[in-house]
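The structure displayed is predicted, hence computed values, not measured ones. Here is the naming used below: chain letters follow the sequence lines, and residue numbers restart at 1 for every chain.
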Amino acid sequence: MATAAPHAHDHGHDDAHPEESWVIKYLWSTDHKIIGLQYLFTGMAMAIIGGYFAYAFRMQLAFPGESVPTYGVVSPAQYNAMVTNHGTIMIFWVAMPVLIAAFGNFLIPLMLGCDDMVFPRINRLSYQIFLLSALVLIASFFVPGGGFGGAWTSYPPLSSEAGYSLTPLGSTIWLLAVALEFVAFLLGGINFITTTMNSRAPGMKYTDIPMVVWMIVLASIIFMASVGPLIAGAIMLLFDQNLGTHFFDPTAGGDPLLWQHLFWFFGHPEVYVVLLPAMGIVAEIITTFARKKLFGYKTVLYTAIATGILSFFVWAHHQFVAGIDPRMANLFTATTVLISIPIAEMCFVYIGTLYGGSIRFTTPMLWALAFIFEFLIGGVTGIFLGASGSDIYFHDTYFVLAHFHYTFFPIAIIGTFAALTYWFPKMFGRHLNESLGKIHFWGTVIPFNMIFIPLFILGVGGQHRRIYSYEHFPELFQPWQQDLRVMATVSLLVMLVFQALFLMNFFYSIFKGKKASKNPYNANTLEWLADSPPAHGNFLHLAEMPVVHRGPYEFNHPDRDEDYWPQWLPPEGVSAAPPADPEPAADPEPADESADQDADQDSDQDSDEESAS
Amino acid sequence: MFELLDLKQGSSYAGDIDQLILMITIITGVWFLLTAGMFFWLLFRFRAKKDESGQYVTGDEPQLKRWVTWPHMLILLCDIAVIVMAVNVWYTVKQDLPEADATIRIIAQQWAWTFVHPGPDGELDTPDDIRTVDRLYLQEGITYHYKLSSVDVLHDFSVPIFRLKQDAVPGREITGWFKPTVQGEYGIQCAEMCGIGHGIMGARLILQSASDHEFWIQSNSPTPVAQVTGQ
Amino acid sequence: MMGKPIATTRTVMGVSTGKLAVWWLIVSEIVIFGGLLASYVMHRIGHPEWAASAAHTDVRIGGLNTMVLLTSSLMAVLAHAAAGRGDGPLAAKRLAVTIGFAVMFLCVKAYEWTTEISHGYTITASGFWQFYYVAAGIHAAHIIAGAIIMGFVMMQARRNHELGRVELIGLYWHFVDLVWIFLFPLLYIAK
Ligand code: HEA
Ligand code: HEA
Ligand code: CUA
Ligand SMILES: [Cu+2]
């Protein structure tokens with residue numbers, strides 16, 4: 001392509017570009033990869049805030065009334081505010097920005113073989129609005145009256161009347177931040193969807209699209225189709241708070257349940273909005289490290305679509321005992337329990353992918369496998385809640401809490417670590433330290449189970465949510481229960497220590513890690529054709545933009561000697577001597593390019609040996 | 001499993017709910033164990049080995065596809081079983097309202113419970129009603145209707161030993177039922193976020209024998225006091 | 001920074017990227033208005049007494065504004081036709097007329113709301129009025145935003161730049177118009 005030529009050489013080595021000012025390059029960039037990294041780092045910073053809140057309120061639960069190191073004594077109002085904002089942050093400022101926006105931005109253009117998103121400036125705007133929303137949220141902790149404490153679900157009348165919540169400014173600013181975040185994601189979503197629809201590399205059929213791209217796009221569509229009513233609801237709530245309307249105020253003809261419907265009509269699809277990208281990430285990783293084709297590409301796709309559609313008809317399972325017509329519960333029990341079918345099928349396909357594989361237990365693979373296992377626990381416990389009869393008992397207990405941490409934690413934390421360790425070489429051009437990575441893995445997954453299994457038990461024992469101290473409930477303040485609480489908190493402390501290890505590994509490796517080749521895992525998808533890290537424009541410096549010849553998971557294909565078959569290699573390479581170079585055969589590039597490829601090959605073998613051990 | 005956790009079955013339907021929970025535990029537990037077992041076995045069996053490379057399997061081969069389609073059908077069956085059992089229990093607890101022996105009123109507010117018991121006449125909303133705060137006195141073995149309301153925000157009337165939960169919604173009066181089957185003193189919780197005091201909004205449930213309860217009514221009813229002063 | 005990325009110029013679906021994006025934008029807007037109107041309809045059914053409030057809306061003014069918007073949509077179509085023939089200046093003129101109608105719509109609305117508020121029908125007056133102001137208000141915000149964007153498109157079209165955008169803003173404009181077609185009967189006619 002003609003446009004490629006002028007870019008042939010000036011983006012080769014990214015690090016040394018003093019003439020592009022740092023601000024332009026990293027803060028005002030329209031490059032999808034930089035925007036992806038911006039989302040990633042913002043999400044990580046928010047994860048630390050959300051994790052810190054978890055630390056502070058879990059300390060309070062284990063040692064009620066005692067001063068928490070680095071925080072102080074936790075008052076009931078502060079407890080509520082921290083729980084509320086922990087939930088809000090983890091979902092809206094960690095799970096979504098990292099899984100969808102960070103990896104969506106980074107991966108979609110690369111995997112589709114184009115040079116950027118279709119609307120780079122809208123993309124930048126989306127991040128800027130997102131950043132603003134994060135700052136607005138943080139500001140809400142410091143206003144007079146303190147941060148909002150009415151739970152992340154923000155049910156009115158508590159959230160709509162300052163007289164009830166006692167946080168007049170906190171509630172409004174919290175709501176504004178959430179609304180801004182929605183706008184950022186609508187803009188981002190339009191970009192993801194249109195880019196994937198219109199800008200695929202030539203030859204890429206819809207069954208050639210890597211699963212993670214499909215999943216992020218489906219997630220964006222589900223988000224877009226479900227968030228609208230809540231945006232309308234947020235405007236009504238904002239007016240109730242500040243203009244004296246009574247949309248949700250029963251004393252003046254309003255209805256508090258209206259908010260619940262609007263919220264959960266979005267809130268339930270939202271859980272699949274974060275689930276699907278994580279599922280996509282896992283699909284990429286298990287195929288690569290099992291050296292296996294995905295077991296039924298179309299099955300995964302259809303089950304994801306089925307999940308998405310069904311997710312719009314289950315919302316009232318959060319409201320079984322909320323005062324809705326009890327007959328409605330029967331309907332929603334049926335839809336809710338049936339959603340286990342597509343999700344189970346998706347899990348089975350992933351497990352089936354392992355069949356006949358040649359599985360290498362690298363760090364990303366460990367994370368991906370842990371995701372499947374832990375998510376199964378979260379999924380099956382959802383059935384206890386979907387069954388209306390048992391939800392009468394479990395509703396708003398720690399059983400629910402443990403259920404959704406067993407889904408969210410695998411998604412937002414385990415899934416993120418899977419993606420981060422897998423694409424790290426592509427993002428930063430260097431490798432993370434494998435052994436530290438494995439230590440971090442076990443140091444996260446084992447404590448994770450030790451936090452939430454005790455909470456499951458407490459939940460079955462009747463412990464209810466959002467309580468700053470159980471001393472006012474004698475049945476819930478027995479020694480064995482307090483012991484379990486301490487156990488959960490201590491496990492959290494252990495986990496946090498290992499996160500510090502991760503952060504060290506992460507930042508050290510960005511600058512000092514072992515250099516990565518273009519395709520360190522011998523994977524097939526197009527991002528591995530680009531440099532590590534890819535220059536601005538991704539493939540523009542190649543002689544041609546990539547063309548796709550086959551599906552993304554052609555590992556161990558019988559027609560080929562090597563165990564992988566990249567999407568970009570033309571079919572002529574089949575019978576010819578093993579095509580060492582990942583570039584198209586007709587590549588007229590100069591010598592330094594092929595030297596690069598040699599290096600590729602060497603380190604490819606290295607990494608193979610490494611992972612086999 | 002609830003016995004281990006010091007949690008009695010205190011209402012006529014607590015056993016139904018526990019039964020349902022047990023059934024779901026078995027169904028999903030079996031599935032979980034099978035799935036996880038298969039998962040770990042595959043991980044072990046197909047770990048990378050020097051002499052064995054991976055196979056090319058698309059997932060469309062009929063003899064392999066069975067491994068996904070059969071479970072699909074079986075899960076559908078299990079789902080239907082779960083739905084039927086769940087709806088059954090739900091109907092008993094929430095939809096079907098058996099004839100009441102007595103009716104009480106429960107009023108939630110930030111952050112206390114007010115209970116209105118029918119006085120000696122057995123009728124609610126008469127002058128001899130007994131109002132208490134944060135203590136609910138009930139008689140074992142008879143069927144109660146409750147009328148639940150809230151004066152400010154959402155609360156939730158939760159009685160773990162009854163396995164009962166019901167939100168209190170301002171502007172509505174929600175009627176439900178229960179039938180205590182044990183005696184003793186137990187906890188009542190507010191299980192819906194209701195503001196700063198949500199963490200202290202508990203109450204005590206005192207389940208009495210018929211004679212004890214009769215005695216309590218007699219000694220707490222406002223009417224006898226009025227009669228005493230009248231004489 | 002460079003010009004348009006290659007990604008933007010690809011059209012795998014055979015539809016221009018801009019048009020796809022506008023359609024998705026419209027989808028996201030449909031659910032916003034859908035949620036709002038569904039809430040309103042449910043409440044309206046549950047509160048027959050709102051009809052008393054609704055009786056005070058002015059069907060003639062609402063009808064006038066309906067005509068204004070329909071005409072503006074027609075002008076947007078004509079602008080698109082002009083742009084399709086490559087006649088940017090004419091398209092710009094027609095867009096200017098469309099904007100003129102948008103301003104007229106807003107003036108009528110301002111007059112209408114002032115009258116109503118001065119009669120005491122404020123946003124807090126009743127359940128009906130709060131939905132009335134919120135729904136019509138969000139719609140009016142879309143009119144304002146649409147008119148501003150149309151201004152930019154018009155400036156470009158005058159210099160024969162980006163004529164494709166004339167169609168895109170037209171699509172959006174028809175959508176905003178269509179929302180009003182739902183609002184008008186729900187807020188004005190249903191008494
Ligand atoms: C990403 C997160 C995520 C995911 C994926 C899920 C998945 C599911 N959730 Fe969960 N849920 C939450 C996040 C999530 N949830 C959150 C955050 C809340 C609380 C919100 C709050 O109140 O603050 C919540 C609350 C919640 C409730 C309300 C509880 C209450 O408040 O009373 C219910 C009730 O139905 C429910 C059900 C389900 C079901 C049926 C699934 C299903 O999708 C699970 C399907 C998967 C499987 C079933 C596993 C695989 C299948 C097999 C191994 C086969 C065997 C299975 C059978 C035979 C059935 N969830
Ligand atoms: C994605 C969602 C998510 C995640 C990951 C978590 C993570 C954790 N949660 Fe959270 N939680 C919620 C969502 C989440 N939570 C929600 C929605 C609620 C309900 C709120 C409400 O009721 O309103 C809730 C409520 C909640 C409660 C209930 C409080 C109450 O009801 O009184 C508790 C109690 O123990 C708890 C504990 C924890 C703990 C110990 C972790 C730990 O796993 C946290 C560990 C910390 C980290 C993992 C961060 C550090 C990591 C890094 C620095 C690495 C870099 C990060 C990236 C690369 C992303 N959570
Ligand atoms: Cu009342 Cu919580
Ligand atoms: Cu849900």
Side-chain angles (χ1 to χ4, degrees), chain A residues 1 3-4 7 24 28-30 32 109 112 114-120 122 186 189-191 193-202 204 220-221 223-233 235-236 239-240 243-247 252-255 258 261-262 265-266 536-537 539-540 545, chain C residues 1-50 53 122-135 137-139 141 168:
Chain A
M1 231 162 266
T3 30
H7 294 273
I24 296 284
W28 199 253
S29 172
T30 51
H32 69 100
L112 297 181
C114 49
D115 52 345
D116 207 332
M117 287 286 174
V118 289
F119 304 114
I122 292 185
L186 282 178
I190 290 181
N191 237 327
I193 299 169
T194 41
T195 304
T196 307
M197 287 176 82
N198 240 358
S199 305
R200 277 170 276 148
M204 187 180 257
S220 301
I221 296 177
F223 176 77
M224 187 182 270
S226 63
V227 78
L230 186 58
I231 291 181
I235 295 171
M236 297 187 221
F239 281 16
D240 268 16
L243 292 184
T245 53
H246 302 286
F247 286 105
D255 182 2
L258 170 63
H261 288 297
L262 297 175
F265 181 78
F266 160 77
H536 195 164
F539 306 101
L540 287 181
M545 292 295 279
Chain C
M1 231 170 286
M2 42 182 197
K4 272 190 185 175
I6 294 176
T8 315
T9 58
R10 284 183 178 164
T11 52
V12 175
M13 304 292 291
V15 184
S16 86
T17 302
K19 211 188 235 174
L20 274 181
V22 172
W23 276 114
W24 282 107
L25 181 74
I26 289 175
V27 168
S28 72
E29 297 266 21
I30 287 176
V31 278
I32 297 179
F33 283 104
L36 186 65
L37 292 183
S39 308
Y40 166 69
V41 170
M42 296 303 284
H43 273 67
R44 186 72 195 264
I45 294 170
H47 294 270
E49 74 276 10
W50 286 11
S53 302
T122 60
I123 190 166
T124 54
S126 82
F128 171 79
W129 287 106
Q130 62 190 16
F131 271 106
Y132 171 85
Y133 282 106
V134 168
I138 297 179
H139 176 260
L168 303 185

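- Between C:Q130 and A:F239, the closest side-chain pair of non-hydrogen atoms is not below 4.5 Å.
- Proximity to chain C (any heavy atom under 4.5 Å) is shown, for A:F223, by neither the backbone nor the side chain.
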| message | Quick one, C:Y133 with A:T245, criterion side-chain contact (heavy atoms from CB on, under 4.5 Å). Give me CA distance, side-chain angles, the key distance, then yes/no. | response | CA-CA 10 Å; C:Y133 282 106; A:T245 53; over 6 Å; no

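- C:H139 meets the ring-ring contact (aromatic ring centres under 6.0 Å, His included) test with C:F105, C:W180; sequence neighbours excluded.
- Under the 4.5 Å side-chain criterion, counting only non-hydrogen atoms from C-beta, A:S199 is not in contact with C:V12.
- The minimum heavy-atom distance linking A:A232 with C:I32 is given by the pair CB-O, 3.8 Å.
- Heavy atoms closer than 4.5 Å to chain C are found nowhere in A:L230, neither backbone nor side chain.
- Every residue two or more places apart in sequence or in another chain that forms a salt bridge (Lys or Arg N to Asp or Glu O under 4.0 Å) with A:D255 is listed here: B:R172.
- Side-chain contact between C:R10 and A:P202 is present, with heavy atoms from C-beta onward closer than 4.5 Å.
- Here the closest heavy-atom approach between residue C:P5 and residue A:P120 is recorded as CG-CG, 3.6 Å.
- Taken to the nearest 0.5 Å, the CH2 atom of C:W23 stands 13.5 Å off from the CD1 atom of A:I190.
- Proximity to chain A among residues 37-45 of chain C is limited to C:S39, C:H43, judged by heavy-atom separations below 4.5 angstrom.
- Side-chain N or O atoms of A:D115 include one that pairs as donor or acceptor with a backbone N or O of C:A7 at under 3.5 Å.
- Distance CG/A:L243 to CD1/C:I123: 5.5 Å, rounded to 0.5 Å.
- Only the backbone of A:M117 comes within less than 4.5 Å of a heavy atom in chain C; its side chain stays farther off.
- Contacts with chain A (heavy atom to heavy atom, under 4.5 Å) involve these residues of residues 13-20 of chain C, listed by number: C:M13, C:G14, C:V15, C:S16, C:T17, C:G18, C:L20.
- Top candidate by heavy-atom pairs under 4.5 Å with chain A, chosen from C:I30, C:V27, C:L36, C:T11, is C:T11.
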